[in-house]
Amino acid sequence: MANHPENPGDSFESITQAILAAQTIGVVSHQRPDGDALGSCIGIGEVLSQLGKTVHMVNADPVPESLQFLAGTERIQVAAELSEPFSVDLLIILDAAGADRVGNAAWAAFANSGLVINIDHHVSNQRFGDLNYVDVISPATGQIVFELIKSNQWTLSPAARDALFAAISTDTGSFRYPNTTGATYRIAADLIDLGADVGWLSQQLYESYPQRRIELLRGLLQNLDIREDGKIAAMKLTRSEAEAVGMRDGDTEGLIDVIRSVDSVVVAVFFEELKDGKIRVSSRSKSTQIDVGQICAVFGGGGHKLAAGARISGPIEEAAERFLNEVAKRFHGLD
Ligand SMILES: [Mn+2]
């Protein structure tokens, strides 16, 4: 397909051989898993089980409430809750730009990693696997997983089908972001032909939020920070605000889209104070001229041109000033 980079790395054939040669396989993705991370895990995990493999799906963090509707998420074990580590022939790591993104707890869930396969779509991917397949043009890791499954004509269970649809839908903003390719729509069509219920899945993904999420948003909008003639918009979430509404993991997912959707806004940034005092930064750009992946890299983070993140030291007000000044600089460079 013309939609792929010159060299995504090792071939699907060599990855398939490694999979077929293994009996016990670990499947993991990045900590604080999102739709693409979990959907990719379930997609490949289900198929591997059907192939007769013993599959251990593990994550450093629990499945967020918002994604528990997906069949198969109950198979994903929280690393810290395991009584003893698994011994595996093969470890498949999905949607993680670096080995550290998986988190120490998830690494500790495996007594040995066996061979490591790294499948991802982040430009900043560090090729940390024994086998690497990094397709930076793919809008979602779920899309690569689908292509790997299709290339082998492996059968998709309803759970795998829905999980891959969710993976691709969430990483493309429901097939709207510029990273969405023709292949993405063809894959969506295939999944629908296989029985995926788009209306139901989309409702579960985008219209089934708990009320506390909108309470959270109400508070965030009180202190909306708009700069550079409306080109930059930022929201800051402190621990005390999060605790006041009883926030749970996943509640903030997509809140950044609210400020990103303002016409003048080019860069939207969300700052969240974490339990350890670190500040999690999520950033989105609507212009390829402002590369938020590069901006996040200045702070030790990374990601894509139009969507990237970082973790920086607090306090939150200072962190926000440092980051937003860096963003503002990029606009001045364009004048
Ligand atoms: Mn992804």
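All heavy atoms count here, side chains included; hydrogens, waters and symmetry mates do not. No experiment lies behind these values; they were computed from the predicted model shown. Just follow the structure's listing: the first ligand is 1, and inside any ligand the first atom is 1.
For D171, the N, O or S atom with the smallest separation from the Mn ion (ligand 1) is OD2. The closest approach of D95 to the Mn ion (ligand 1), by N/O/S atoms, is made by OD1. D36 contributes OD2 as its N, O or S atom closest to the Mn ion (ligand 1).
Contact between A307 and V292 at its shortest, heavy atoms only, is N-CG2, 3.6 Å.
Taking 2.8 Å as the criterion, H122 does not count as a coordinating residue of the Mn ion (ligand 1), since none of its N, O or S atoms falls below it.
A salt bridge links D225 with R227: the distance from a Lys NZ or Arg NE/NH1/NH2 to an Asp or Glu carboxylate oxygen falls below 4.0 Å.
Checking R75 against S49 by side-chain atom types alone, a donor-acceptor pair falls below 3.5 Å.
Ring geometry, F175 versus F165: the interplanar angle falls from 30° to 60°, so the pair is classed tilted.
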